[in-house]
Amino acid sequence: MEDLQLFCEQLVRLNATMKELFDRGDLALFTEMNAAIKEMHKIEATSKDGIFASLHPDTEIVYKNFDMIIAVLRTTENGEIDAGAQTALNRLLHNIDTAVVNIAKALNLV
C-alpha cells in the first residue's frame, strides 16, 4: 500500500508539472517531468503490489511517450522547436495526459 501511495504522489506531481507546462510552455519543466516519471517507474518496477499489473499498459504509454519527447527535443537545432517538432511534442504530451487520467481513474482518484 505504501508503494501505491508513493506512486500516486508522483502521478500528482507529474500532472501538476504538465499543467504548468501547458500554461507556461517552459521547456525546463521537462526535467521535473522526467524526475516524476523516473520515480514512478522505479516504484512500479520494484513493487510487489498487484495493482501495478493493471496500471502497466497506461504507465508504459507514459514512459514510452516521454522517451519519444526526449528524442524529439534532441533533434531540434539549438533548442528551436519548429512546427513539426511542436506537433509531435503536442501529440506525445496528449498521449501522456490521457494515460495519466486513465491511471487516476483506475485508482479512483478522479
Side-chain angles (χ1 to χ4, degrees):
M1 189 66 161
E2 183 179 322
D3 288 339
L4 185 57
Q5 181 178 344
L6 294 171
F7 183 87
C8 289
E9 289 171 7
Q10 295 308 309
L11 187 69
V12 169
R13 176 183 175 193
L14 174 60
N15 190 54
T17 303
M18 288 184 63
K19 181 192 178 319
E20 194 173 344
L21 178 65
F22 288 134
D23 288 347
R24 296 186 333 176
D26 182 358
L27 296 181
L29 291 167
F30 283 123
T31 302
E32 177 66 17
M33 283 182 67
N34 186 43
I37 289 169
K38 280 185 175 183
E39 192 61 30
M40 288 170 60
H41 187 267
K42 181 176 117 182
I43 294 165
E44 180 184 8
T46 60
S47 179
K48 302 219 185 303
D49 192 328
I51 188 73
F52 290 107
S54 66
L55 300 178
H56 189 71
D58 285 306
T59 59
E60 272 300 298
I61 291 170
V62 171
Y63 308 147
K64 288 182 178 186
N65 278 265
F66 192 76
D67 287 346
M68 292 173 67
I69 285 172
I70 299 306
V72 168
L73 290 174
R74 286 185 177 146
T75 66
T76 61
E77 296 260 342
N78 300 321
E80 294 292 322
I81 298 175
D82 63 20
Q86 186 64 55
T87 299
L89 291 173
N90 289 345
R91 171 51 61 197
L92 296 167
L93 286 167
H94 174 75
N95 293 347
I96 293 172
D97 188 53
T98 299
V100 166
V101 169
N102 290 341
I103 294 166
K105 284 180 183 175
L107 296 173
N108 293 318
L109 298 175
V110 292

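Put simply, Ile37 and Val101 are part of two different groups of oily side chains (I, L, V, M, F, W, Y) that touch within less than 4.5 Å, one to the next. Residues Leu14 and Leu109 fall within the same hydrophobic cluster, defined by Ile, Leu, Val, Met, Phe, Trp and Tyr side chains chained together at heavy-atom separations under 4.5 Å. The hydrophobic cluster containing Leu29 also contains Ile70, counting ILVMFWY residues as joined when their side-chain heavy atoms lie under 4.5 angstrom apart, directly or transitively.
In this structure Phe66 satisfies the ring-ring contact (aromatic ring centres under 6.0 Å, His included) test with no other residue, sequence neighbours excluded. For Phe52, the ring-ring contact (aromatic ring centres under 6.0 Å, His included) partners two or more places apart in sequence, or in a different chain, are Phe7. Every residue two or more places apart in sequence or in another chain was checked for a side-chain hydrogen bond (donor to acceptor under 3.5 Å, both in side chains) with Asp97, and none qualifies. In this structure, the side-chain hydrogen bond (donor to acceptor under 3.5 Å, both in side chains) partners of Gln10, at least two apart in sequence or on a different chain, are Arg13. The side-chain hydrogen bond (donor to acceptor under 3.5 Å, both in side chains) check on Asp3 picks up Ser47, with sequence neighbours excluded.
The side-chain heavy atoms of Phe30 and Leu93, taken from C-beta on, include a pair separated by under 4.5 Å. In this structure the side chain of Leu11 reaches within 4.5 angstrom of the side chain of Met40, judged on heavy atoms. Contact check for Glu44 versus Tyr63: side-chain heavy atoms found under the 4.5 Å cut-off.
Atom CE of Met18 is surrounded by more than 12 heavy atoms from other residues, nucleotides or ligands within 6.0 Å. Within 6.0 Å of CZ in Arg74 there are 12 or fewer heavy atoms belonging to other residues, nucleotides or ligands.
Summarising the geometry, atom CG belonging to Leu89 is positioned 8.0 Å from atom CG belonging to Leu27; distances are rounded to the nearest 0.5 Å. In this structure, CD1 in Ile69 is found 15.0 Å from NZ in Lys64, a value given to the nearest 0.5 Å. With rounding to the nearest 0.5 angstrom, the NZ atom of Lys38 is 14.0 Å from the CD1 atom of Ile43. Atoms CD1 and NE2, from Ile103 and His56 in turn, are 10.5 Å apart once rounded to the nearest 0.5 Å. To the nearest 0.5 angstrom, Asn65 atom CG is 10.5 Å from Glu60 atom CD.
For residues 100-110, the set of pairs meeting the side-chain hydrogen bond (donor to acceptor under 3.5 Å, both in side chains) definition, not counting sequence neighbours, comprises Asp58-Asn102.
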Report the C-alpha separation of His41 and Thr59 in whole Å, then their side-chain angles, then the decisive distance to 0.1 Å, and conclude whether the side-chain contact (heavy atoms from CB on, under 4.5 Å) test is met. CA-CA 8 Å; His41 187 267; Thr59 59; over 6 Å; no

Before you tell me yes or no, could you show the steps for Ile61 and Thr98 under side-chain contact (heavy atoms from CB on, under 4.5 Å), namely the whole-Å CA-CA distance, both residues' side-chain angles and the distance that decides it to 0.1 Å? CA-CA 9 Å; Ile61 291 170; Thr98 299; over 6 Å; no

Applying side-chain contact (heavy atoms from CB on, under 4.5 Å), run through Asn95 and Val62 and close with a yes or a no. CA-CA 7 Å; Asn95 293 347; Val62 171; over 6 Å; no

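Smallest separation of non-hydrogen atoms from Ile81 and Gln86: CG2-N, 3.5 Å. Closest approach of Leu73 and Thr76 over heavy atoms only: O-OG1, 2.7 Å. Nearest heavy atoms, Met33 versus Leu21: SD-CD2, 3.9 Å.
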